[in-house]
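Below: the structure, in structure tokens.
Throughout, a chain's letter reflects where its sequence line sits, starting with A, and its residues are numbered from 1. All of these numbers come straight from a predicted model, not from anything done at the bench.
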Amino acid sequence: MRLYNTLARKKQEFTPANGNDVNMYVCGITAYDLCHIGHARSSVVFDVLFRLLRHKGYNVTFIRNFTDIDDKIINRANEVGKSAADIAKQFINEFYVDMDRLKVLRADVEPKCTEHIGDMIALTQRLIDKGHAYSTTSGDVYFKVRSFEGYGKLSGRNIDELESGARVDPGDEKLDPLDFALWKSAKPGEPFWESPWGQGRPGWHLECSAMSEKYAPLPLDIHGGGQDLSFPHHENEIAQSEADTGKPFANYWVHNGFVQINSEKMSKSLGNFFTIRDILDKFLPETLRYFLLTMHYRSPLDFSFEALEEAEKGIKRIYSAMAQADVELSKSSWKKSPFPEELTAELDQIETHWVEAMDDDMNTAGALGHVFSAVRLTGRIAEDKNLRKSEGGQVFFTRIKTDMANWGAVLGIFEREPTEFLTELRDNRAARAGIDPARIQQLLDDRKEARKNKDFDKSDAIRDELAAMNVEVKDTPQGATWDVA
RNA sequence: GGCGACAUAGCCAAGUGGUAAGGCAGAGGUCUGCAAAACCUCCAUUCUCCGGUUCAAAUCCGGAUGUCGCCUCCA
């Protein structure tokens with residue numbers, strides 16, 4: 001497969017360094033607040049990459065860390081009068097709650113910063129020994145950016161230009177304004193760990209280097225994270241790890257694009273963000289996950305509830321086709337009538353296109369387009385009395401179900417029992433519209449009675465009443481069902 | 001100021017050299033007691049604009065305009 005590599009600024013054929021083994025490290029959350037949609041996107045994107053690589057037969061080791069000590073956590077802890085450790089623990093738990101709902105799989109290794117302080121101290125010491133870092137009288141340790149030749153290669157920065165724009169904080173003891181902290185001395189009242197440089201805590205960039213090195217042989221095959229992490233976070237990780245080991249840190253750098261609100265970056269500082277909970281109060285988790293996959297992972301994604309409603313229609317249509325296939329397959333006898341080869345060939349094509357799309361830099365949006373081709377094909381066959389009752393039809397519907405299951409396993413969607421999901425979706429939409437399902441059922445029962453007596457005037461009047469409530473009725477051979485219009 | 005990304009129909013969106021996927025909305029039709037769903041048909045001679053390279057460009061190059069991001073914590 002091909003992947004866009006930020007380091008090369010183009011798509012490249014993905015080849016793991018070690019045969020069939022793939023090591024993938026993704027920067028996880030800083031645990032100080034509930035996750036927002038941006039976290040959801042990043043998590044879902046790399047979850048799909050994880051699933052896709054495994055699906056392709058690679059032996060994947062997926063590492064996703066938790067930053068459980070840093071300024072934001074300490075600040076939050078002080079605000080609410082808890083310990084930093086308690087805050088981190090709390091929001092790691094909340095992270096799991098959200099991710100489980102979004103069907104984001106657990107990583108193989110989920111290391112926490114505070115459990116690797118010793119590794120980080122050791123790495124810092126090695127960098128000092130090698131002349132890449134220095135300690136100050138106040139007990140801070142800085143990485144000497146100019147001692148690392150490749151600095152700026154990931155983000156395309158020029159070190160001299162960075163220098164000219166660098167902010168100089170008169171309080172610190174950096175030899176060069178570009179130098180960044182590996183170890184920060186503890187201020188009074190802050191959590192700290194003992195180190196050769198006194199009481200303090202690790203700098204943010206350090207943990208990813210230390211933990212990557214610990215849990216995977218370098219270079220990593222894939223290192224991922226949000227686009228904003230490429231500078232300075234990932235640049236600094238490269239400097240630390242490559243200065244330490246002399247080996248490349250990661251071969252493929254994968255960055256996901258941002259979630260935007262009205263074409264503007266969603267961020268805490270702008271205050272225009274939605275948490276995952278905000279969304280899931282109104283929409284099903286699968287709707288959100290599907291929505292996130294309808295755009296290519298590197299493109300900016302504009303979030304709105306209107307867009308989510310549109311995504312909801314899409315996933316409803318896909319599940320409806322799956323439900324239809326189930327209905328057809330529930331029949332017991334199949335006719336020997338002919339089944340056109342072109343239809344089988346069409347499905348062959350769709351399967352091929354789907355794989356090609358996913359292999360081309362994980363094009364989930366393109367792949368979903370092909371899923372709709374399968375949906376339409378299913379509808380066309382189910383529509384034709386001869387086809388749907390034929391043995392070829394049975395083979396076809398079975399195959400569609402298998403395809404949907406395979407595609408869904410990689411995308412992390414389409415894994416529910418269709419009618420169950422559709423009912424849940426309907427009730428979810430009803431709840432949003434303030435519709436009471438029990439009241440609807442009562443009206444449907446009345447209407448059924450009227451229809452039984454061929455009292456179509458009354459029947460239609462009831463349907464009009466329902467329509468006024470934004471409910472539409474469907475008469476099926478199994479009886480009337482309803483949905484939110 | 002430096003670096004970078006993006007610009008495709010009413011809306012969302014895929015497409016990185018071979019003649020514009022898909023979804024939503026819309027129009028017509030089949031089906032239906034009437035509907036709904038589903039299915040069928042239609043819906044961009046054209047990809048922000050101007051030049052250039054090429055037999056061939058939405059795709060490559062140069063320029064313009066616009067939008068956004070990074071350079072400070074951030075997925």
Side-chain angles (χ1 to χ4, degrees), chain A residues 6 9-11 26-30 32-33 35-46 70-72 75 152 155-158 160-167 169 204 224-233 235 255-260 263-270 273 291 294-296 298-302 304 306-307 309-318 320-321 323-324 353 357 360-361 363-373 375-384 451 454 456-457 459-460 463-464 466-467 471-476 480-483 485:
Chain A
T6 308
R9 267 163 248 290
K10 61 182 177 194
K11 287 185 204 170
V26 175
C27 291
I29 59 157
T30 298
Y32 74 106
D33 205 347
C35 290
H36 54 60
I37 326 171
H39 295 110
R41 184 180 198 192
S42 184
S43 304
V44 167
V45 161
F46 288 105
D70 104 324
D71 289 344
K72 293 191 293 294
N75 291 341
S155 52
R157 318 270 158 153
N158 173 301
D160 292 314
E161 281 163 358
L162 282 171
E163 187 83 61
S164 65
R167 198 176 59 167
D169 184 344
W204 176 43
Q227 211 164 52
D228 56 333
L229 296 183
S230 64
F231 187 89
H233 185 52
E235 201 71 71
H255 291 104
N256 66 277
F258 275 110
V259 174
Q260 306 183 326
S263 300
E264 276 202 332
K265 177 179 171 177
M266 183 183 81
S267 74
K268 300 234 164 147
S269 45
L270 291 172
F273 70 99
F291 168 73
T294 56
M295 263 74 73
H296 186 90
R298 281 189 286 114
S299 307
L301 178 159
D302 224 49
S304 67
E306 293 71 30
E309 279 172 24
E310 204 179 287
E312 195 175 55
K313 288 177 190 166
I315 200 162
K316 180 179 160 191
R317 181 149 171 229
I318 293 167
S320 299
Q324 196 165 21
H353 286 321
D360 183 13
D361 196 27
N363 188 350
T364 54
L368 285 171
H370 301 306
V371 170
F372 275 101
S373 301
V375 166
R376 273 179 283 115
L377 187 55
T378 303
R380 238 192 303 158
I381 288 163
E383 194 71 17
D384 187 305
R451 289 191 58 186
K454 300 250 188 266
F456 293 124
D457 284 345
S459 160
D460 286 352
R463 196 176 55 204
D464 288 346
L466 286 163
V471 169
E472 60 193 20
V473 180
K474 290 184 226 181
D475 292 316
T476 73
T481 64
W482 64 277
D483 203 348

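- The partner of B/rC60 is B/rG52, judged by Watson-Crick or G-U wobble contacts that both fall below 3.5 Å.
- Comparing B/rG17 with B/rC3, their C1' atoms sit 29 Å apart, to the nearest whole Å.
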- Task: Go through the steps to decide whether A/S230 and A/H255 satisfy the test side-chain hydrogen bond (donor to acceptor under 3.5 Å, both in side chains), and finish with yes or no.
- Result: CA-CA 8 Å; A/S230 64; A/H255 291 104; 4.8 Å; no

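- Put simply, A/F258 does not rest on the base of B/rA75: the two rings are not both less than 5.5 Å apart at their centres and under 30° in tilt.
- Atom name P, nucleotides B/rC60 and B/rG4: the rounded distance is 16 Å, in whole Å.
- OP1 or OP2 of B/rG33 has not a single side-chain nitrogen or oxygen of A/R451 nearer than 4.0 Å.
- With salt bridges taken as basic N to acidic carboxylate O contacts below 4.0 Å, one links A/K11 and A/D360.
- Comparing the C1' positions of B/rC43 and B/rA35 gives a spacing of 25 Å, expressed to the nearest Å.
- Comparing the same atom, C1', in B/rU54 and in B/rU16 gives a spacing of 16 Å after rounding to whole Å.
- Taking each heavy atom of A/V375 and A/A321 in turn, the nearest pair found is CG1-CB, 3.7 Å.
- RNA chain B is contacted by both A/D457 and A/E472; A/D457 maps to the nucleotide lying nearer its 5′ end (nearest heavy atom per residue).
- Looking at heavy atoms from C-beta onward, A/D361 lies out of side-chain contact with A/N363 at the 4.5 angstrom threshold.
- Taking atom C1' on both B/rU19 and B/rA56, the two are 8 Å apart, rounded to the nearest angstrom.
- Mapped onto RNA chain B by nearest heavy atom, A/K11 and A/D70 fall at different nucleotides, with A/K11 at the one closer to the 5' end.
- Atom P of B/rC74 sits at a distance of 36 Å from the matching atom of B/rC11, rounded to the whole Å.
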